[in-house]
Visitor: 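Below is the structure I would like to discuss, written out as C-alpha cells.
For clarity, every value in this text was computed on a predicted model and none was experimentally measured.
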Amino acid sequence: MINQIVLKALNEQFEKEFYSSNLYLSMAAYFSANSLNGFANWMRIQAKEEMDHAMLIFDYILQRGGEVIVPKINEPEHKWDSILEVITATYKHEQFVTESIHNLYSLATEHKDFATCNFLQWFIKEQVEEEENTSELEARVKLCDNNKSYIFLIDTELKSRVYTPVSINQI
Ligand code: FEO
C-alpha cells in the first residue's frame with residue numbers, strides 16, 4: 001500500500017505535468033499564429049511529452065493501488081510579447097518542475113517509499129535533459145538578437161523535431 005502523503009504529492013505532480021502540457025500547447029498556438037511553424041512543432045511535441053509524463057504518474061499510482069485524482073487544470077498563459085519571452089518562460093517552467101520532482105523524491109525518501117524513489121529516477125534524469133534543451137534554446141534565441149534571418153534558421157531546424165512516446169514499461 002502506497003503511503004498516503006506520497007500519494008497526495010504524486011497526484012499533485014500529475015496535475016503539474018498536465019498543466020505543463022497545456023502551457024506548451026498554448027505556446028504552440030502562439031507560435032503558429034505568428035507563422036513560426038518550427039517553434040510551434042517543438043512546442044507541440046513538448047506538450048505531448050508532458051502528457052506522457054502525466055500518464056507515467058497515472059499508471060504508476062494505479063500500479064501501486066493508489067487513487068488517481070484527475071485534476072481541474074488552471075488556464076495557462078497565452079499572451080507573450082516575443083519569442084524570447086516564451087522560451088525564457090519555458091526554461092523557467094522546467095526549473096520549477098525540476099524543483100517539484102526533487103521535493104517529491106525527498107518526500108518519498110523521508111517515508112522510506114523506495115519504489116517511488118526508483119520510479120522518480122527517470123524523471124530526475126529527464127529534467128536534466130529538459131533544462132539543458134530549454135536553456136540552450138534560450139541562449140540561441142538570445143544570440144539572434146531579433147535578427148529575422150537567424151530566427152528563420154532556428155525555426156527551420158525546429159521543424160525536424162520528432163515525438164518519441166514513452167510508457168511505464170519503458171522506464
Ligand atoms: Fe514533465 Fe518538462 O517536465
Side-chain angles (χ1 to χ4, degrees), residues 2-34 36-108 113 116-117 119-135 137-138 158 161-171:
I2 190 164
N3 178 286
Q4 293 304 298
I5 295 168
V6 174
L7 174 62
K8 183 171 178 287
L10 279 166
N11 269 304
E12 285 166 3
Q13 190 63 38
F14 176 56
E15 187 265 334
K16 284 174 191 157
E17 301 292 347
F18 247 116
Y19 175 83
S20 303
S21 183
N22 285 357
L23 174 64
Y24 295 146
L25 204 54
S26 181
M27 290 172 170
Y30 167 85
F31 284 130
S32 282
N34 286 282
L36 290 159
N37 293 327
F39 281 91
N41 175 58
W42 196 92
M43 284 297 175
R44 272 176 183 248
I45 290 170
Q46 195 72 7
K48 284 184 188 172
E49 286 193 354
E50 298 303 345
M51 188 51 74
D52 282 349
H53 298 171
M55 291 312 294
L56 288 174
I57 297 170
F58 177 94
D59 286 333
Y60 176 71
I61 291 173
L62 292 177
Q63 239 179 14
R64 297 289 310 278
E67 184 186 5
V68 174
I69 310 288
V70 178
K72 179 181 171 192
I73 308 295
N74 289 332
E75 185 179 308
E77 183 61 67
H78 58 93
K79 286 198 190 315
W80 295 274
D81 290 328
S82 67
I83 300 169
L84 182 59
E85 194 183 327
V86 182
I87 302 301
T88 298
T90 306
Y91 179 36
K92 279 196 182 139
H93 185 70
E94 288 303 332
Q95 289 173 295
F96 161 76
V97 173
T98 299
E99 191 183 349
S100 179
I101 294 283
H102 289 179
N103 289 340
L104 183 49
Y105 188 92
S106 295
L107 190 74
D113 185 345
T116 297
C117 290
F119 168 72
L120 290 172
Q121 289 288 344
W122 183 89
F123 283 84
I124 291 168
K125 190 161 171 273
E126 174 72 5
Q127 282 312 120
V128 172
E129 207 180 289
E130 295 275 64
E131 284 197 28
E132 184 185 18
N133 291 342
T134 51
S135 68
L137 190 54
E138 183 193 43
L158 295 180
R161 183 181 187 191
V162 291
Y163 167 60
T164 309
V166 65
S167 70
I168 191 101
N169 298 324
Q170 295 170 283
I171 69 167

Visitor: Taking the side chain as every heavy atom from C-beta outward, state whether Met27 and Trp80 have any atom pair closer than 4.5 Å.
Guide: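 Met27 reaches Trp80 side chain to side chain.
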Visitor: Before you tell me yes or no, could you show the steps for Asn103 and Leu107 under side-chain contact (heavy atoms from CB on, under 4.5 Å), namely the whole-Å CA-CA distance, both residues' side-chain angles and the distance that decides it to 0.1 Å?
Guide: CA-CA 6 Å; Asn103 289 340; Leu107 190 74; over 6 Å; no
Visitor: Taking all non-hydrogen atoms of both residues, which atom of Leu10 and which atom of Ile57 are closest, and how far apart?
Guide: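 Taking every non-hydrogen atom into account, O-CG2, 3.5 Å.
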Visitor: Applying salt bridge (charged side-chain N to carboxylate O under 4.0 Å, His left out), which residue pairs with at least one partner in residues 161-171 are found, sequence neighbours left out?
Guide: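 For residues 161-171: Glu49-Arg161.
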Visitor: Could you give me the CA-CA distance, side-chain angles and deciding distance for Ile171 and Phe119, then say whether side-chain contact (heavy atoms from CB on, under 4.5 Å) is met?
Guide: CA-CA 8 Å; Ile171 69 167; Phe119 168 72; 3.7 Å; yes
Visitor: Indicate, with yes or no, if the rings of Phe96 and His93 have centres closer together than 6.0 Å.
Guide: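 So the answer is yes for these two rings.
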Visitor: For residues 72-83, which residue pairs qualify under salt bridge (charged side-chain N to carboxylate O under 4.0 Å, His left out), counting only residues two or more places apart or in two chains?
Guide: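 Qualifying pairs: none.
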Visitor: Decide yes or no for His53 and Trp122: does some side-chain heavy atom of the first lie under 4.5 Å from some side-chain heavy atom of the second?
Guide: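 The answer is yes, as the side chains (C-beta and beyond) meet within the 4.5 Å cut-off.
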Visitor: Asn3: what forms a side chain to side chain donor-acceptor pair (under 3.5 Å) with it, not counting sequence neighbours?
Guide: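 Asn3: side chain to side chain donor-acceptor pair (under 3.5 Å) contacts with His111.
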Visitor: Step by step, work out the side-chain contact (heavy atoms from CB on, under 4.5 Å) result for Val128 and Lys125.
Guide: CA-CA 5 Å; Val128 172; Lys125 190 161 171 273; 5.8 Å; no
Visitor: Using modelled atom types only, decide if a donor and an acceptor are shared between the side chain of Gln127 and the backbone of Glu94 within a distance under 3.5 Å.
Guide: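 Yes, Gln127 side chain to Glu94 backbone: donor-acceptor pair under 3.5 Å.
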Visitor: Among residues at least two apart in sequence or on other chains, which ones pass salt bridge (charged side-chain N to carboxylate O under 4.0 Å, His left out) with Lys92?
Guide: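 Lys92 satisfies salt bridge (charged side-chain N to carboxylate O under 4.0 Å, His left out) with no other residue.
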Visitor: Could you check Thr90, Val86, Ile87, Asn133 and say which one makes a side chain to side chain contact (heavy atoms under 4.5 Å, CB included) with Glu138?
Guide: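 Exactly one candidate clears the test, Ile87.
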Visitor: Side chains of Gln170 and Ser167: donor-acceptor distance under 3.5 Å anywhere?
Guide: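 Yes.
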Visitor: Do Glu50 and Tyr19 get their side chains close enough for a donor-acceptor pair, meaning under 3.5 Å?
Guide: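 The criterion, which ignores hydrogens and geometry beyond distance, is not satisfied for Tyr19 and Glu50.
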Visitor: Please list all pairs meeting salt bridge (charged side-chain N to carboxylate O under 4.0 Å, His left out) that have one or both residues in residues 2-17, counting only residues at least two apart or in different chains.
Guide: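 Passing the test, one end in residues 2-17: Lys8-Glu12.
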Visitor: Can you name the salt bridge (charged side-chain N to carboxylate O under 4.0 Å, His left out) partners of Glu67, sequence neighbours left out?
Guide: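 By the salt bridge (charged side-chain N to carboxylate O under 4.0 Å, His left out) rule, Glu67 matches no residue at all.
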